[in-house]
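Everything below concerns the one structure shown next.
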Amino acid sequence: MSDAEPLAPQYSAAAIEAPLYADWQARGLFAPSTAPGARPFVIVIPPPNVTDVLHMGHGLNNTVQDVLVRFERMRGRAALWLPGTDHAGIATQNVVEKLLAAEGRTRFDLGREAFVARVWQHVRAKGGIILQQLKAIGCSCDWSRTRFTFDPAMSRAVREVFVRLWEEGLIYRGYRVIHWCPRCHTALSDEEAEHADVEGALYYIRYPMADGGEPITVATTRPETLLGDVAVAVNPEDGRHRAFVGRHVVLPIAELEIPIIADEHVEAGFGTGFVKITPAHDADDFEVGRRHDLATPIVMTADARMGDAALGGKPGGRVPAPLFGMDRFEARKAIVAMLKERGLLEKVESRLHAVRHCYRCDTVVEPRLSDQWFVTMEPLAAPALEAYRQGRVRFIPERRGDEFEQWLTGIRDWNISRQLWWGHRIPVWYCDRCGLQQAFREDPVACPACGGPLRQDEDVLDTWFSSWLWPFSTLGWPEATADLERYYPTDVLVTAPEIIFFWVARMIMAGIHFVGRVPFHTVYLHGTVRDTHHVKMSKSLGNGIDPIEVVNRYGADALRFAVTNGLGVGTDIILDPNDLDTSFASGRNFANKLWNVGRLLLSSLGDGPLPALAEVPAGELTLPDRWIVSRLARVARETTEHLERFRLNDAVGTPYHFLWDDFADWYLEEIKPRLRDEAPGGAAARAVAAHVFDRVLRLLHPAMPFITDALYRRLPGRGDASIMVAPWPGADAGRDDPDAERDFAFVQALVNAVREVRAEYGVKPGAELKIVVSRLAPRQAGAIAQAKDMIRRLAKVGALETAAGEASVLGRVGSHALLPDGAEVFVVLGDAIDVGKECARLKTELTRLDGQLAAVRGKLGSESFRTRAPADVVARETEKERQWTARREALAGKLAALGCA
RNA sequence: GGGCGAAUAGCUCAGCUGGUCCAGAGCGCCUGCCUUACACGCAGGAAGUCGGGGGUUCGAGUCCCUCUUCGCCCACCA
């Protein structure tokens with residue numbers, strides 16, 4: 001890739017992107033600058049699951065990060081974007097278990113060691129594909145620092161953190177009801193058990209009184225847990241039922257006598273007022289049971305089949321033979337049928353209710369009583385809340401901070417143990433001889449207390465227990481490395497809002513607790529990629545768009561343009577998976593436009609070095625030159641500000657419209673004749689065009705890295721320098737020139753007016769017209785004089801006359817159009833004129849003007865407006881009224897002259 | 001059940017501190033052009049009661065209330 005190669009006539013993303021990426025890598029441009037004084041700017045990637053393949057969500061997430069990183073790199077920061085992957089405990093284990101299932105085996109057939117080896121084998125063979133795919137979309141990550149949450153170094157950080165928390169007394173073992181996924185065979189945290197509405201039923205079941213009295217009725221959505229009931233509870237304040245407390249009922253099917261108790265937990269007004277208490281199968285009931293010292297019989301196995309845990313693998317006890325081994329949902333039906341048969345089913349009401357589901361496999365989660373490891377979160381949450389309230393970490397959009405705050409305020413302890421094999425094994429050892437139970441930094445050989453043999457806890461840690469350390473474990477913590485010193489804390493975290501609690505909040509807590517500083521000052525939460533029905537894109541729903549396919553068809557730049565251009569702060573991205581052409585048309589079109597602008601310029605700029613803009617004598621700059629340079633100044637400022645405010649849509653849209661609407665449609669059209677050999681003004685035009693194009697390429701580079709670099713390198717005098725490290729256009733990008741902007745706007749209005757008349761009257765495209773521009777202010781006359789050739793060419797005008805006052809050419813042979821500040825243009829059409837049509841045209845204009853005038857006069861006529869509105873607003877309205885009145889008079893004059901009715 | 005957000009052209013969205021926005025863009029649509037950078041283009045154009053209703057204000061797409069519809073987050077009423 002060098003500037004010696006000519007630009008291909010046809011833009012081909014495929015032809016430029018891969019070689020450029022290889023070149024960036026070969027030059028080491030992704031490593032943070034070591035220039036003295038370069039302040040670091042750091043982003044750590046939200047590590048995708050190691051076995052993931054890129055989907056649009058990743059495409060969006062990583063494009064945003066790359067835009068920010070490239071922007072700051074160009075601004076001279078020592079930009080580091082640290083990449084990596086997550087071992088993703090449950091997800092990855094599931095993937096390999098599925099592979100085994102295809103072979104007709106389970107992980108238990110292999111055993112723990114062989115299974116873990118198998119997962120590693122899979123990860124080594126198939127893992128990390130996604131990192132290669134990130135390269136295809138142009139991500140400028142420092143690949144030399146790639147991390148994996150299961151790397152030895154990361155594992156060491158995990159171990160250190162666990163032991164520290166242990167030493168601080170913040171880790172404890174708890175026997176309680178947790179969320180259990182019967183399919184994944186593991187406990188889940190509260191966050192991993194997601195609510196989803198399910199069409200269910202409320203079953204009203206009669207429990208006969210042990211003393212033969214009238215049966216009571218209990219309402220439940222989960223009849224299958226009935227066998228685990230140990231009591232029926234009523235609210236102590238419930239007048240209707242208070243008398244029942246202390247009596248006993250006969251638990252149906254199990255045929256056991258259980259007491260009726262009183263507990264605050266029961267809502268008196270709800271249902272029948274009687275609630276079955278099943279401590280081993282419901283978290284609330286567990287608390288009730290604890291308060292009343294009740295037994296906790298387990299009647300379901302780990303895979304959610306009926307079975308009395310007390311009896312091991314045998315039927316009996318609370319679970320009678322016909323139900324034994326039955327799946328929970330089958331059992332629900334069976335138990336309901338049995339109750340019905342016995343006349344104990346009073347009624348069934350269908351009901352929509354929220355049921356928790358496994359976030360990895362979507363199986364309905366089963367509350368399960370078991371021993372698990374927990375982290376006491378409150379002491380970690382308090383400093384995080386304080387940091388947030390002090391503004392040491394902010395959220396974009398801001399409202400997401402409220403969610404964060406709310407969650408931290410009511411934080412619950414974190415269940416960190418998983419009954420999986422793929423993950424960081426819990427570093428706790430047990431001594432069966434002396435009962436020691438302790439966490440170790442290094443694997444122990446024998447019990448430090450009694451010298452007896454030790455066995456390690458079988459469970460592994462929640463995958464998020466390694467993720468929450470990511471911003472500092474990746475930089476070498478717990479070692480005091482140079483990287484940690486230089487790059488921590490990081491700057492911005494870019495991620496999806498659904499991960500705030502899983503990850504963002506915990507990283508903030510961990511950063512403060514273990515390193516002493518918030519891990520990033522800004523959390524930018526972008527939207528979700530959805531289809532045209534606003535359904536989140538996902539592989540399982542089949543409504544996804546494969547970003548790699550988009551790259552192959554339209555290029556990474558088109559992909560990136562499309563996602564950033566559609567990205568308002570906090571809004572979702574809607575794309576149509578059934579119409580890639582439409583979804584990515586604007587990006588593809590724009591890339592093509594850029595390419596062709598490049599072709600035009602490169603064929604005209606010559607090979608020699610061009611003078612810098614500053615070296616062109618001011619006197620040689622024409623009105624269009626000054627105009628485009630002034631526009632550029634503003635566009636550079638605005639683009640910078642949009643990026644600083646994370647308004648990516650505007651950050652892309654601003655240079656897009658400048659390049660297309662101003663630079664290509666007007667400026668390039670204007671300078672075409674000047675670009676011909678030896679044409680007057682050519683030197684200035686070349687210098688200005690090269691300057692402006694160079695700068696707009698830089699402004700677009702963060703969003704469209706490939707095509708901008710491909711073009712930039714070929715600009716004269718660039719040698720082979722990459723735009724990646726070209727300075728970001730600052731105050732020196734252009735030169736503000738309000739006069740030039742106003743004058744050029746007038747010229748544009750004139751050209752547009754003539755074009756409209758041409759279209760209106762169907763004038764042949766090639767035909768040159770005569771126009772007379774009249775009622776000109778001196779400044780406007782000057783503008784026309786400066787842009788005469790351009791007006792002739794762009795409006796196809798053969799003869800251009802100007803007049804300070806009223807034009808002498810009037811009558812029924814042309815069309816009038818009004819220009820800014822009272823000027824007007826008369827387009828001579830000769831016989832082509834249609835008086836009726838012209839009258840209609842002018843009348844439409846008059847009607848519109850009258851409407852505006854009425855509005856502004858209404859305002860000015862209002863006493864309250866003149867006294868209460870700010871003086872500058874009143875002045876503005878007064879000026880409007882003056883101008884519009886003048887226009888109206890001019891229009892009325894034309895109508896009269898034409899003899900319109 | 002609690003909290004939050006959004007409703008602007010056929011579609012996807014801008015419209016940032018209420019007044020130069022007589023309501024904008026991209027895609028789509030209509031008309032005319034292959035004008036030697038680009039038809040993935042050029043020029044022109046049609047298209048919106050700014051979800052409904054009420055209010056605040058001299059003035060509201062922009063602020064407040066309410067209704068409707070979508071969406072998100074949280075949640076132990078079985």
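Each chain gets a letter, A, B and so on, in the order its sequence line appears, and its residues count up from 1. Values in this document were obtained by computation on a predicted structure and should not be read as measured data.
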Checklist entry - When the ring planes of Phe274(A) and Phe244(A) are compared, do they come out parallel, tilted or perpendicular, using 30° and 60° as the limits? => result perpendicular
Checklist entry - Which part of the nucleic acid, if any, lies within contact of Arg647(A), taking any heavy atom under 4.0 Å across all strands shown: a base, the sugar-phosphate backbone alone, or nothing? => result base
Checklist entry - With sugar-phosphate meaning primed atoms plus P, OP1 and OP2, does Asp872(A) contact a base, only sugar-phosphate, or nothing at under 4.0 Å between heavy atoms? => result nothing
Item to check | Distance between P atoms of rC34(B) and rG26(B) (Å, rounded) | outcome: 24 Å
Item to check | Side-chain touch Met790(A)/Val747(A), heavy atoms, less than 4.5 angstrom | outcome: yes
Checklist entry - Do we see a donor-acceptor contact under 3.5 Å between the side chains of Lys347(A) and Thr217(A)? => result no
Checklist entry - Can any side-chain N or O of Asn235(A) pair as donor or acceptor with the backbone N or O of Gly273(A) at less than 3.5 Å? => result no
Item to check | Distance under 6.0 Å and angle within 45° of ring axis: Arg755(A) vs Trp666(A) | outcome: yes
Next on the checklist: Using a 4.0 Å heavy-atom cut-off, does Tyr656(A) contact any base of the nucleic acid, only the sugar-phosphate backbone, or nothing at all?
Outcome noted: sugar-phosphate
Next on the checklist: Pair Tyr359(A), Phe502(A) - check ring-ring contact (aromatic ring centres under 6.0 Å, His included), show working.
Outcome noted: CA-CA 11 Å; Tyr359(A) 83 132; Phe502(A) 280 112; 5.1 Å; yes
Checklist entry - Atom CD of Glu756(A) and atom P of rG44(B): how far apart are they, to the nearest Å? => result 7 Å
Checklist entry - Is Ala869(A) touching bases, backbone alone, or none of the nucleic acid, heavy atoms closer than 4.0 Å? => result base
Checklist entry - Expressed as a whole number of Å, how far does the C1' atom of rG28(B) sit from that of rG48(B)? => result 16 Å
Checklist entry - How far does the P atom of rA7(B) sit from the matching atom of rG51(B), given to the nearest Å? => result 7 Å
Next on the checklist: Categorize Thr571(A) for me: base, sugar-phosphate, or nothing, with a 4.0 angstrom heavy-atom threshold over every strand shown.
Outcome noted: sugar-phosphate
Checklist entry - Are Asn565(A) and Tyr656(A) close enough that some pair of their side-chain heavy atoms sits under 4.5 Å apart? => result no
Checklist outcome for this item: Reading nucleotides 69-78 of chain B from 5' to 3' and marking B where a protein heavy atom lies under 4.0 Å of the base, S where only the sugar-phosphate is that close, and - otherwise, the string is ---SSSBBBB
Checklist outcome for this item: Each nucleotide of nucleotides 28-43 of chain B classed B (base within 4.0 Å of a protein heavy atom), S (only sugar-phosphate) or -, in 5' to 3' order, makes ---------BB-BSSS
Checklist entry - Given pairs defined as Watson-Crick or G-U wobble with both distances under 3.5 Å, what dot-bracket annotation applies to RNA chain B, with ( ) intrastrand, [ ] crossing, | other strand and . unpaired? => result (((((((..((((.....[....)))).(((((.......))))).....(((((..]....))))))))))))....
Next on the checklist: Using the C1' atom as the point on both nucleotides, what is the distance between rC29(B) and rU12(B), in whole Å?
Outcome noted: 16 Å
